[in-house]
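This report concerns only the one structure given below.
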2 protein chains.
Amino acid sequence: MDLGRRLRSRGYRLTPQREAILGVLRENAGRPLSPEDIHAMAGKKQPGMGIATIYRTMDLFCELGIAFPVHLRGGYRFYEINLGKHHHHMECIACGKLELLEACVIDDIAELVRDGSDFLITSHCMSLFGYCRQCLEGGKEKEAAES
Amino acid sequence: MDLGRRLRSRGYRLTPQREAILGVLRENAGRPLSPEDIHAMAGKKQPGMGIATIYRTMDLFCELGIAFPVHLRGGYRFYEINLGKHHHHMECIACGKLELLEACVIDDIAELVRDGSDFLITSHCMSLFGYCRQCLEGGKEKEAAES
DNA sequence: TCCTTATTGAATTAAATTATCATTTAGCAT
DNA sequence: ATGCTAAATGATAATTTAATTCAATAAGGA
């Protein structure tokens with residue numbers, strides 16, 4: 001993936017900030033990052049970056065298909081680099097731990113929707129929530145049920 | 001579903017505000033509502049309701065399984081009444097129109113995850129994004145590609 | 001009817017995201 | 001190389017959204 005070509009072909013410019021952000025996304029492939037996460041890590045490569053640049057760049061990267069948003073609980077935004085192969089996340093509602101799900105069922109779903117509606121699907125999001133092994137063993141799910 | 005019993009059995013109280021909110025959710029089954037939506041509609045049944053009550057009540061309803069959160073684009077929160085049968089949404093990224101997807105593939109997924117990990121799944125979210133028929137015909141997806 | 005305490009509304013606070021704007025700079029043309 | 005133009009940035013302010021605080025209210029068991 002040549003970031004410069006990809007940007008310039010659509011009239012955008014290659015900047016050190018955008019390179020730094022892409023680097024951060026690459027180094028954290030598969031791990032959802034918040035804008036603040038990205039800001040902190042990219043800031044080490046390019047000191048002085050403003051947080052607004054992160055938001056702007058992530059919007060752009062998502063539009064270009066370079067990254068995609070991940071929807072977890074809490075309503076906040078997370079992003080990941082788009083490496084083509086879909087995956088999803090399983091989030092522990094007790095400790096917050098994330099596990100990667102390589103399995104993607106979007107193809108099955110897309111087929112169902114193609115038959116049943118008139119939508120052209122371009123993207124999707126899916127996350128599972130529950131309890132991880134450690135929290136189950138520690139009884140965290142019972143604590144939560146009691147509260 | 002007896003709201004009063006459900007609340008009291010866990011030490012909570014039945015209030016006119018909670019009844020009003022449940023009524024709004026019932027009347028909009030299958031349609032994701034924002035806290036602001038709920039506030040506006042419930043306010044007609046129970047004048048003077050504060051927005052904080054909506055947030056508090058929706059947290060409670062979700063905890064009790066009376067409602068569940070819907071994750072759409074934008075990172076904002078939406079809620080729906082939980083009528084047992086899972087469904088999902090297809091959101092048009094051009095006009096925002098929502099379509100209900102009766103099909104739920106959570107069972108397939110849950111099985112995959114049960115085999116491949118140690119998580120106990122308690123809930124999930126899934127949404128599809130793309131273009132609805134009208135926007136496709138109107139060329140909205142091309143406009144978006146150009147911008 | 002009384003009492004305890006959950007609940008509420010109003011106001012405040014905090015946090016996340018977006019908008020504004022002057023300045024900088026990427027990248028094409030010269 | 002140099003200059004030019006528009007894109008991009010950083011700083012800041014403004015918006016939104018959500019959470020918190022607290023005194024007043026009211027649900028519901030005794």
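The sequence lines fix the lettering, A, B, ..., with proteins before strands; numbering per chain opens at 1. Predicted model only: the values in this text are computed from it and were never measured.
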Checklist outcome for this item: Per nearest nucleotide of DNA chain D, the residue lying toward the 5' end, A/G48 or B/Y55, is A/G48
Checklist entry - What one-letter contact string describes nucleotides 24-30 of chain C from 5' to 3', where B marks a base within less than 4.0 Å of any protein heavy atom, S marks contact via sugar-phosphate atoms alone, and - marks no contact? => result -BBSS--
Whole angstrom value for the distance that separates [atom2] of [N] from [atom1] of [X]:
X     : N      : atom1 : atom2 : answer
B/D37 : D/dT17 : CG    : C1'   : 14 Å
A/H39 : D/dT9  : NE2   : P     : 12 Å
B/F61 : C/dT7  : CZ    : C1'   : 13 Å
B/R10 : D/dG28 : CZ    : P     : 16 Å
A/R18 : D/dG10 : CZ    : P     : 11 Å
B/Q46 : D/dT25 : CD    : P     : 16 Å
A/L33 : C/dA16 : CG    : C1'   : 17 Å
A/F78 : C/dT17 : CZ    : C1'   : 14 Å

Do [X] and [Y] come close enough that some side-chain heavy atom pair is under 4.5 Å?
X      : Y      : result
B/C62  : B/Y79  : yes
B/R18  : B/L7   : yes
A/L60  : A/Y12  : yes
A/L33  : A/F78  : no
B/L128 : B/E91  : no
B/F119 : A/L136 : no

Item to check | With sequence neighbours excluded, residues passing ring pair (Phe, Tyr, Trp, His ring centres under 6.0 Å) with A/H86 | outcome: A/H124
Next on the checklist: Taking only side-chain N and O atoms of B/R77, does any of them lie within less than 4.0 angstrom of OP1 or OP2 on D/dT17?
Outcome noted: no
Next on the checklist: Tell me whether A/Y76 shares a hydrophobic cluster with A/L98, the cluster being built from Ile, Leu, Val, Met, Phe, Trp, Tyr side chains joined at under 4.5 Å.
Outcome noted: yes
Checklist entry - Under a single-linkage definition using a 4.5 Å side-chain heavy-atom cutoff for Ile, Leu, Val, Met, Phe, Trp and Tyr, are B/L83 and B/V24 assigned to the same hydrophobic cluster? => result yes
Next on the checklist: According to side-chain contact (heavy atoms from CB on, under 4.5 Å), who are the partners of B/F68, at least two apart in sequence or on a separate chain?
Outcome noted: B/V70, B/E80, B/N82, B/H87
Next on the checklist: Once you apply a heavy-atom cut-off of 4.0 Å, does A/R56 come out as touching a base, just sugar-phosphate, or nothing?
Outcome noted: base
Next on the checklist: I'd like to know if A/E63 and A/R10 make a salt bridge, using a cut-off of under 4.0 Å between side-chain N and carboxylate O.
Outcome noted: yes
Protein-nucleotides 12-16 of chain D N/O pairs under 3.5 Å:
none

Checklist outcome for this item: Rounded to 10°, the helix from C/dT1-D/dA30 to C/dT30-D/dA1 deviates from straight, judged by its five-pair end axes, by 40°
Checklist entry - Does B/M49 or B/G11 map to a spot on DNA chain C nearer the 5' end, using the closest nucleotide for each? => result B/G11
Output a table of donor-acceptor pairs, distance under 3.5 Å, between side-chain atoms of residues 34-44 of chain A and any protein atom two or more places apart or on a different chain; print 'none' if there are none.
| from | atom 1 | to | atom 2 | distance (Å) |
| --- | --- | --- | --- | --- |
| A/S34 | OG | A/E36 | N | 3.4 |
| A/S34 | OG | A/D37 | N | 3.0 |
| A/S34 | OG | A/D37 | OD1 | 3.3 |
| A/S34 | OG | A/D37 | OD2 | 3.1 |
| A/E36 | OE2 | A/H39 | ND1 | 3.4 |
| A/D37 | OD2 | A/S34 | N | 2.9 |
| A/H39 | NE2 | A/M49 | O | 2.6 |

